[in-house]
Structures are given as structure tokens and as C-alpha cells.
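Nothing fancy with the numbering, it's 1 onward along the sequence. These numbers come from the heavy atoms of this one structure, side chains and all, not from hydrogens, waters or symmetry mates. Only a predicted model underlies this, so the values are computations on that prediction, with no experimental measurement involved.
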Amino acid sequence: MAWWVIPAMVASSAVTIMGIQQQKKNMRANRAWQQYENELNFNYEKQKRLTEEKKRLSEVRARTGASGAQMFTGSSLLVANADMEEFETDMWYLEKGLWTKTQTQDAALAGEIASANFAIGQTLFSTASSV
């Protein structure tokens, strides 16, 4: 075997490993952007729902006032309280949706990085066994 074959194999493996390391950096950077986008979408949706709820509650108060009923007694108060509890539940589920999406994407990233690490080990083993 020529003297240059072993250094060439080692150099080839080094380049392969450096490429895989760069892929791992890109995966992490993509994940960070996904997280940023998820948080932006969550905050936009949250703000949109808060604005809609504020408008709806204003309309309810205006209708109640126009009807001559008192807002802070009896069934009107119970209905308003039930509406508020439902809205808070919706907001809780919105937040949990963000958490779930984040956890799912983090798990996917961990799997991709583990696969890349396995590829590095495989490259090293293949080179060592060939040498």
C-alpha cells in the first residue's frame, strides 16, 4: 500500500467529521429560529385573543347597561364569571400548546444530534478498521 493512502483516509474522515459537526451547528441554529418563530406566533395569537375578549366583554357590558340590568348581581355575574373561566382555560391550552410544540421539537433535535454523533462514531470506526 502506498504511503499516502493512510493519511488520505484520515484526512477524508476528518473532513467528514467536520461536515457532520457543521450539520449539528446548523440543526441547533434552525431549532433556535423555530423556537423564536413559535414564541412570536404564540404571542401574536395570545394578543389577538386578548383583544377579541376585551371587545366581547365591552359589548356584554354595554348590552347589560342598555337593558337596565345590573352587571354585578345575580345571573349576569355568573355568566360573566363562566365566560372568564372559559377564556382563561383557552389561554392555558394555548400556552400548553406552545410548551408541547417546544418539547416535541427539542426531542426531534436531540434525535438528530444523536444520529449525527452515531455517524461520527461510525466514520471513526470505519477509518480505524480500514487503516
So CG of Asn26 and CD of Gln21: to nearest 0.5 Å the spacing works out to 11.5 Å
Within-4.5 Å side-chain heavy-atom neighbours: Gln105 and Leu109: no
Residue pairs passing the salt bridge (charged side-chain N to carboxylate O under 4.0 Å, His left out) test with at least one member in residues 21-34, sequence neighbours excluded, are Arg31-Asp106
Checklist entry - Would Met9 end up clustered with Val15 when hydrophobic side chains under 4.5 Å apart are linked, directly or stepwise? => result no
d(Lys101 NZ, Glu39 CD) to nearest 0.5 Å is 11.5 Å
Salt bridge (charged side-chain N to carboxylate O under 4.0 Å, His left out) filter on Arg49, not counting sequence neighbours, yields Glu45
**OP:** Could you tell me whether a side-chain N or O of Ser12 sits under 3.5 Å from a main-chain N or O of Ala8, the two making a donor and an acceptor?
**Re:** no
One should read off an interatomic distance between Leu98 CG and Lys46 NZ, to the nearest 0.5 angstrom, of 10.0 Å
For Ile17, the other hydrophobic cluster members (4.5 Å side-chain criterion, sorted by chain and number) are Ile20, Ile120, Leu124
Output for pair (Leu50 CG, Asn43 CG), nearest 0.5 Å, gives 10.0 Å
Hits for side chain to side chain contact (heavy atoms under 4.5 Å, CB included) against Tyr36, two or more places apart or cross-chain, chain-then-number order -> Trp33, Leu40
Rounded to the nearest 0.5 angstrom, the CD-CE distance for Gln34 and Met27 is 12.0 Å
Do the side chains of Glu53 and Arg56 get close enough for a salt bridge, i.e. N-O under 4.0 angstrom? yes
* Asked: Under the side-chain contact (heavy atoms from CB on, under 4.5 Å) criterion, do Lys55 and Thr51 qualify, and how do the steps go?
  -> CA-CA 6 Å; Lys55 286 179 185 178; Thr51 302; 4.0 Å; yes
Between Phe125 and Val10, is there a shared hydrophobic cluster once you connect ILVMFWY residues whose side-chain heavy atoms come closer than 4.5 Å? no
The reported gap from CD1 in Ile6 to OG1 in Thr127 (rounded to nearest 0.5 angstrom) is 11.5 Å
In short, ring pair (Phe, Tyr, Trp, His ring centres under 6.0 Å) pairs touching residues 77-97 with sequence neighbours left out are none
Taken in chain and number order and not counting sequence neighbours, the residues that satisfy salt bridge (charged side-chain N to carboxylate O under 4.0 Å, His left out) with Asp90 are none
Self-check item: Backbone N/O of Gln122 and side chain of Ser126: donor-acceptor pair under 3.5 Å
Solution: no
Problem set entry | Under 3.5 Å donor-acceptor, Ser115 side chain and Gly111 backbone | no
query: Honestly curious: do Trp99 and Phe42 fall in one hydrophobic cluster under the side-chain, below-4.5 Å linking rule?
result: no
